[in-house]
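Quick note: numbers below take in every heavy atom, side chains included, and nothing from hydrogens, waters or symmetry partners. Numbered from 1 within each chain, the chains take letters A, B, ... in sequence-line order.
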Amino acid sequence: MKDSKKPTQLKLISEYNPAKIEPKWQKVWEKKQIYAAKDFGKNTSGISSVKHKKFYSLIEFPFPSGEGLHVGHIRSNVAMDIISRKRRMEGYNVLYPIGWDSFGLPTEQYAIKTGIHPTVVTRQNTKTFERQLRSIGFSFDWKRKVDTSDPLFYRWTQWMFLELFKHGVAYQKETEVWWCEALGTVLANEEVIDGKSERGNFPCVRRPLPQWMVAITRYAERLYNDLDLVSYPDVIKNQIRNWIGKSEGAEIQFEIAGNNKKFVKVFTTRPDTLFGVTYVVLAPENPLVSDLKDQIKNWKEVHDYKEKTKSKSELERTGTDKTKTGLVLEGVFATHPITKEKVPVWIADYVLNSYGTGAVMAVPSHDERDAEFAQKFNLPFRVVVEPITGEEKPNEEFRQSIVVIVINKKTNKVLTIDWGSLGGTIFIGGGIEKGEDVVKCAIREIKEETGYINIKHILTSEKIHHHYFAHSKKVARNIDATGLFFELENEEKTEIKLEENEKEKFTVQWKSYDEAETIVKDPLHSYLFKKFIRNKAYSGVGILTNSGVFSGKKSNSVDSAITKLAGGKMVTTYKLRDWVFSRQRYWGEPFPIVWVGKEAFNAASSIKKSAVAEAMPKEQVKRIRVITDKKLIDFGKTVTEYALPIPPQHLPLILPKVKSFAPKGDGQSALGTAASWVHIYFNIRSGETLGEKDFIAKQKKFEKTAFRNKNKKTAHVSFNPNDWFNAMRETDTMPNWAGSSWYYLRYVDPLNNKTFADKKNLNYWTPVDWYNGGMEHNTLHILYSRFWHKFLYDIGAVPTVEPYTKRTSHGVILAEDGTKMSKSVGNVINPDVMIKNYGADTLRMYQMFMGPFDQTIAWNSDSMSGVRRFIEKVWRMIDRVSVSEKDSEATEVIINQSIKKVSEDIESMGFNTAVSQLMILANHFEKLESISIDAYIVILKLLSPFAPHVTDELWEILKTKKLVKKSNDSIHETMWPDFDPKKITESTVTIVIQINGKHRGEIKMERGSDNETLIKTAFALPTIIEKLQGLVVKKTIAVKDRLVNIVV
RNA sequence: GCCCGGAUGGCGGAACCGGUAUACGCGCACGACUUAAAAUCGUGUCUCGAAAGGGAUGUGGGUUCGAUUCCCACUCCGGGCACCA
């Protein structure tokens, strides 16, 4: 480097130069294959039958974008690399693989723009990615690299789809799907946010299209319940549960009056409120609405509303306006299944057709939404649940009482009484006297407590069962309270006559509604305020009333009984919808499916045993398609087509070459433009496909041969014209989620060409022990993948119920300005630059040190220098390593503490504190004149997962200096250090002396000294004696090995 | 609206099960080395105060000998879901 005139020092090592040592070690590791995972399941020849303990650590495989890696992408990789390296040092056989999730829109859009084939783009991008990832020194087993767009990989994705198809899990459905004009494709619900595409933020509309669907909802229950089997953080489990949206309730039918064949089937989570139903509401799309067309007197309006809903659904998510709209179906009534009362039937777009049964029973008194709707349309309320407020206490005294809310309409204020310490601010309340009715009682109480006499009674509430403690009387009470709502007519008052002891205990105040709402804390009073003033429905539990035989029962105890009486059944419903599995894109896995006419389908179905028959589902899969090819005479007509499988022996079905990768524009992908690929001949027995030319050639050849062989007995025909039919290939491709749903299975046996992975390998390696990835993938990707895995489990293809034993997530790294890194803003931190300036080891460590792993955090290049300094400190330290040095107690303690802390922190992903502990250890060593070889080895080993290059270099130096014996091993092949639990604490401890909890002195004591000794020593301390002068010691608390607190 | 999570120096953050708040790093200041600078090393660095001592972990209350930690209410920030019956 620089010329130095300094006298030559006796330097044992040169300057730290990561640019030199990092590539060197990367090459050594690759050559020696020290990170190669060993398939003991399959290849037992190597190390006999030793059942090696395995560890499968997984990161989400990257999408190789054209922009290359940015530092945020590798946070997860570094973390799992550290864990993987530690596991290896603990003796595990570790599988830490990498691959490319290479199908997807950005590559395709780049291809559309440039005309370069996505395969070529992908090859270029993966090359960059691989170079970048290698330069960071990850301990990936590169030999197991997978690539979802490689036919050798997607062959198995197609195979799995065939299984989904065969088992009836994949089906066709004409669905209103999100159509994105700008992208020319259908998007999954999850890919559309507020009516805009997740990728690109383009507007999307609803449009009906026949689609491949995957019945993930069949697995909803298991996806929900099996979360108990895995170790994901509660945050993630919560999110997943939330997404699946399980709710238990009842399905109850309301017969259409005068039409005993038609029913409104509703789903409710509150069957206990059945007697409170005053109307029912259907989703506008509910088929029953059209069914009842003849009966509906205002059909035109109803039809208009239906249409409006359809167009509204395009905007509904963007609109913040959620005021309820709806329309009564005139002439239609539904019969209450128990009371036989006839209730009106409405349609409203707040009822979703896709959830539950697409219809609700409305209980305005006990449901917020129903209340809002009923208020707007003036529909009746019927109270069937009497609320319970407060908490039940033992030995309650029963009373009947009232609560009165009086408002002044002129001032918009409400009358309150402040009882001060006796019970805070409440409304007017009191006990009912013998023979008194509630209204009279209320009038009396108002007069007694406030003097007002001209008041008008407006409303009376249901009974409320309230539990409270009467502080004035020192008794627990259980009261049946009735709420009364009054308006003040004028301010005229009489004199308040109070008993002596009641005077000046309270003050009467008029408060604004908002003020009253916050200061009235009593649950009974607050409930009545919400009811009378805010018109809130009571949706809690309580005592049933007006509910026939169920009256008087606790509302949450009768769900099944009431459902049974109504002839309904208890059901579980989920928010989760089936997975839209079609994409109208080029750059995805082609479906191994052809579409044929009825004749071909029937012919195929009639064959019992054949390749095609074996891959066929029990239920036929068909679609109705509009002919969109203008060249065809039947343009615009609809045809019914049937799906036939291309059996597994013909896989992979390779993506054909096309001229342009842009979607065809009519809803078909670019594949639709490859006419000779799309329109083919299909053998309904073998599943062979032939293009027109080939087919004709084959036909001719057959005719010739048949003619020649006409007179021979051996006329064996390999070509049966009856088996060949015109067919059209599926032009949709699979979504990006398909490959990523199962890629982790391929890593265990990536080169297998007989099956997606050998059973033995699966048995040995799966499930994944630890999977770390982005928060954004915790719902969708994890859900899809778990579903896919469970399906494979059901067909006996994988040995475990769940794919991932443990899942964790890292926080996003933001740019230095605290915003998201983006190429367009130009705030992207490129790892290549960081490696050049600081070295990969520093980059890795800084990523771990910068803050809590699971937290979003902004990049700060300045802070990186601290990490670099630390590495250099450890580097230079080797000069002071000595074989003769013996560790002091303090050094021993800090070493053992560090082993413990670093080991535990890696496990809990507390990487920032692990690094900080390494720094503490290095700072300690820095103060020593010489460092024992054992101590130095410990810091190198602890550091090695974080900074693998520099530690291997230093390890090699130790070897050349003959300070360590084994000469062939990399430090990464050595054993992880253990700590001695006896040596993690020093023999003396500092005891803090406090007076009234304030730090007033310290004493050094033998560890484990008993409390008595501690106190004695503390009181003997001169400063303490001085401070305690003239004070009386009330109490002394001693905590072993920690403190003495003297209370005065 | 509902469900999670969070708030600590100038900055990123640490603190076990309630027991010395501010570890570690950045930055800053001063010093050593140097003709000088960089690098490196050392010292200091919550705040008021000369000191004794007081005050600080978003705000207000509570429990406790003792609270960043537990409880209640509130404010703000982040994430997820969102007319889910």
[X] side-chain proximity, nearest of [options]:
X: D349(A); options: A14(B), C83(B), G54(B); value: C83(B)
X: F849(A); options: U20(B), C83(B), C24(B); value: C24(B)
X: N912(A); options: G53(B), A14(B), A85(B); value: A14(B)
X: P852(A); options: G19(B), U40(B), A14(B); value: A14(B)
X: M919(A); options: C24(B), A85(B), G19(B); value: C24(B)

[X] side-chain N/O to [N] phosphate OP1/OP2 under 4.0 Å:
X: Y355(A); N: A85(B); value: yes
X: Q855(A); N: G13(B); value: yes
X: R869(A); N: C41(B); value: no
X: K998(A); N: G55(B); value: yes
X: K1027(A); N: G53(B); value: yes

Within a reach of under 6.0 Å around NZ of K820(A), are more than 12 heavy atoms found that belong to other residues, nucleotides or ligands?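 Not buried by this count: 12 neighbours or fewer within 6.0 Å.
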Distance check, P atoms only: U45(B) and G58(B), in whole angstrom units.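 So the two P atoms sit 23 Å from each other.
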Nearest-angstrom distance, P atom, G44(B) to C26(B):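 Per the computed distance, 15 Å lies between those P atoms.
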I need the S898(A) OG to L943(A) CG distance, nearest 0.5 Å.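 If we round to the nearest 0.5 Å, S898(A):OG and L943(A):CG are 11.5 Å apart.
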In whole angstroms, how far is the C1' atom of C3(B) from the CE atom of M775(A)?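 In whole Å, C3(B) C1' lies 16 Å from M775(A) CE.
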Give the rounded distance in Å between these two atoms: CZ of R1042(A) and P of U20(B).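 The distance from CZ of R1042(A) to P of U20(B) comes to 7 Å, rounded to the nearest Å.
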Under a 4.0 Å N-O cut-off, is there an ion pair linking D1041(A) with R1007(A)?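 Yes, this pair counts.
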In terms of ring plane angle, is the pair Y846(A) and W859(A) parallel, tilted or perpendicular, where the classes change at 30° and 60°?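 Rings of Y846(A) and W859(A): perpendicular, over 60°.
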